[in-house]
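Quick caveat: nothing in here was measured; it's all calculated off a predicted structure.
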Number of protein chains: 2
Amino acid sequence: MAKKSNNPTMNDVAREAGVALGTVSKVVNGIPVGEDYRVRVEKAIKKLNYHINNYAQGLKSGKTRAIAVIMPNLVSPYFASLVNSIGKTLALKKHYMVFFGTDYDPDQEQEYVRLAEQQKVDGIICLSYNPKLNVSDEIPLVSIDRYFGAKIPCVASDNYGGGWLAAKKLRENGCKHVAMLRIASKLPHEPSKRRDGFIAACEAIGLSYDQKILSDGAPYQEFVDFLYEHFHDGKLDFDGLFCVTDSLVHQIRGTLKEMGLSVPEDVQIIGFDGCRNFGDLELTCSTIVQPVDAIAESAVNLILNTDQSKAPSLLCLPVEYAFGGTTRK
Amino acid sequence: MAKKSNNPTMNDVAREAGVALGTVSKVVNGIPVGEDYRVRVEKAIKKLNYHINNYAQGLKSGKTRAIAVIMPNLVSPYFASLVNSIGKTLALKKHYMVFFGTDYDPDQEQEYVRLAEQQKVDGIICLSYNPKLNVSDEIPLVSIDRYFGAKIPCVASDNYGGGWLAAKKLRENGCKHVAMLRIASKLPHEPSKRRDGFIAACEAIGLSYDQKILSDGAPYQEFVDFLYEHFHDGKLDFDGLFCVTDSLVHQIRGTLKEMGLSVPEDVQIIGFDGCRNFGDLELTCSTIVQPVDAIAESAVNLILNTDQSKAPSLLCLPVEYAFGGTTRK
DNA sequence: TTCTTGTAGATTATCGATAAATATTGTATT
DNA sequence: AATACAATATTTATCGATAATCTACAAGAA
């Protein structure tokens, strides 16, 4: 007769320690019991190598130490480093992460939120573009980069300030006329404030600008078209460019190279994100760096601090400029 | 009296459908019951929007639909795309992923394996460098990139073949004398076969080579030293370079640029990994591409196919060469 | 017609931890 | 010395799903 599993239970610990089941439960949960009892129980726990059964605990108490993290994917460096950081922060607080990738699909986003709610996780951290995401109010949810209304706390970079900073830096680097490259977004989300900040700054400091809106998932040709629209007499009619994501910087550089234009000599470029390529390698472009670790920490703290009622509805964290070779300095 | 939670249970479904609890369980688990009963239960499930309680199921059956994934981090593109792909594959098979990041720390690796075992996940997929990882044989474990012995299936790229292919391609591109840049690895793991394949190929095809072993987490200075060792009369004494990871390619390129050397004119470089920078952007270097999706799929299949006894102990998946600008073609 | 057998579905003990209810012990008060 | 009352430990019902056991009823054999 093979024993099915040799994992000791609370009952085993109680027997070993010569105390009652309830006493063990108290010790495990940090509820004060008599000194001698506590010691005996702790000794028994160590001796048997007891560890609590998550499923029993989840079933009975409704509390698990799981947090669901819902993101479009992990191949975009921004998402990857965000999830990486969230995982670390959760581990420090003795929680663990259940990850769901949505590929930006609103149906999947909704599906996973519902799934997470059914699985009774302790909280959900999600970055969703679903316009009408349906959220029960039984499980706390914190949103990243997307404001869903006052009831759901949202954590994001200071995107507006970042856009402003980009314009300021281009001006400081001597640019006379700049352009902005951005993606058409179907939905308003915090990162779209980058353009507002950039435009406001341009107007405030008297820097003339153009902007180009690329279609979502912009094909190569659109980058070419953009550049040719601004290409006259062998050179570009702008000397500074703000791309709302680093990804755009990389894409446009390929085209610039083909046209024989060099960066930063012919045009200075600032991106947005600042996620290091292999974790800690040097930046591949000058950029506005998002405080990924701070965003992750804030999101985790908001999720774990139970009184969501007095949580801020929007938390904007400061960004900074970092030189990465695509500007003069 | 407010009801604490409005999640319906199997009992609620049974009452609604006018059948017994056990019958509902059978329907939910696909065990055949009378046609009329099945229909009534299914109708009740839909009406009440019933979903099974994972914790109750986990407690009773010992089966959960969770797979633990243990990786060093998510900021390295290879790990990130691997985890991304594993998550997708699991989702297709109605499983979900619990992610743990270890930062290469053997203690954390061990800790998370144990934690996962205690949480009674259905399986563990792990990429660990811990030499003496202690694994219970109660829960199936699949290793990626590291061979732990015949009892634990290991999935990896054909690293040896990849190294061989790199040498072959450098030769095809006209290289006369090549060098290899690799990291000193404390532990034997599958990727270290890249160098063996490369060296074997060089010898087989009569291509002369040098190799440089960098210390782990190589500082900038080591790259400089390496290049100066091979720099005579204004040029390098090799015309082809194989870096065992793409990350090394990026690091060495910075130094090459500072020395006024250009790629691929002065030296052609081939890396290893081939993870696209933003998921699907173009490659940043010529490289041996690892079949990340295939690795992920294989690992998931091995984990979910219960009869691990007849699983292969090592599964090597084919790699391919991809041009990325750092070679002639 | 009676008895067996088979084939459903219905009951119920169980998984391991929690917390409310209960029992026990010791201290204080009269 | 007797009673009341804390304070602390033990019992036990419970969470929701599973599966072994039980029950009922129908078809077939004698």
Rounded to the Å, how far apart are [X] [atom1] and [N] [atom2]?
X       : N      : atom1 : atom2 : result
B:Asn54 : D:dC15 : CG    : P     : 19 Å
B:Asn11 : C:dT12 : CG    : P     : 13 Å
A:Leu21 : C:dG16 : CG    : P     : 12 Å
A:Arg65 : C:dA17 : CZ    : C1'   : 14 Å
A:Asn53 : C:dT14 : CG    : C1'   : 14 Å
A:Arg15 : D:dA9  : CZ    : P     : 20 Å
A:Asp12 : C:dC15 : CG    : P     : 11 Å

Interatomic distance, [X] atom [atom1] to [Y] atom [atom2] [nearest 0.5 angstrom]:
X        : Y        : atom1 : atom2 : result
B:Ile124 : B:Ser143 : CD1   : OG    : 11.5 Å
B:Arg15  : B:Leu21  : CZ    : CG    : 10.5 Å
B:Gln110 : B:Leu115 : CD    : CG    : 11.5 Å

Item to check | B:Asn53 side chain near B:Thr9 side chain, heavy-atom distance below 4.5 Å | outcome: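 They are not in contact (no side-chain heavy atoms under 4.5 Å apart), so the answer is no.
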Between the side chains of [X] and [Y], does any donor sit under 3.5 Å from an acceptor?
X        : Y        : answer
B:Tyr104 : B:Asp216 : no
A:Gln108 : A:Thr102 : no
A:Lys88  : B:Asn73  : no
A:Asn54  : B:Gln119 : yes

Item to check | Close approaches to DNA chain C from residues 22-49 of chain B, in residue order (heavy atom, under 4.0 Å) | outcome: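 Only B:Gly22, B:Thr23, B:Lys26, B:Val33, B:Gly34, B:Tyr37 qualify.
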Item to check | Positions of residues 55-62 of chain B (non-hydrogen atom under 4.0 Å from DNA chain C), listed by number | outcome: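 Contacting residues: B:Leu59, B:Lys60.
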Checklist entry - Dot-bracket for DNA chain D, 5' to 3', counting Watson-Crick or G-U wobble pairs under 3.5 Å, with [ ] for crossing pairs and | for inter-strand pairs? => result ||||||||||||||||||||||||||||||
Checklist entry - Looking at the rings of B:Tyr147 and B:His189, which for Trp means the six-membered one, are their centres under 6.0 Å apart? => result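 No, ring centres 6.0 Å or more apart.
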Next on the checklist: Classify the ring geometry of B:Tyr55 against A:Tyr55: parallel below 30°, tilted from 30° to 60°, perpendicular beyond 60°.
Outcome noted: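 Aromatic pair B:Tyr55/A:Tyr55 classed tilted.
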Checklist entry - Between C:dT18, D:dT18, C:dA10, which nucleotide has the shortest distance from any of its atoms to the side chain of A:Ile52? => result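 Closest nucleotide to the A:Ile52 side chain: C:dT18.
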Next on the checklist: Given D:dT12, C:dA10, D:dT10, identify the nucleotide with an atom nearest to the side chain of B:Val19.
Outcome noted: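 Nucleotide nearest to B:Val19's side chain: C:dA10.
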Checklist entry - Between B:Phe148 and B:Arg146, is there a cation-pi geometry (under 6.0 Å to ring centre, at most 45° from the normal)? => result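 That pair qualifies as a cation-pi contact.
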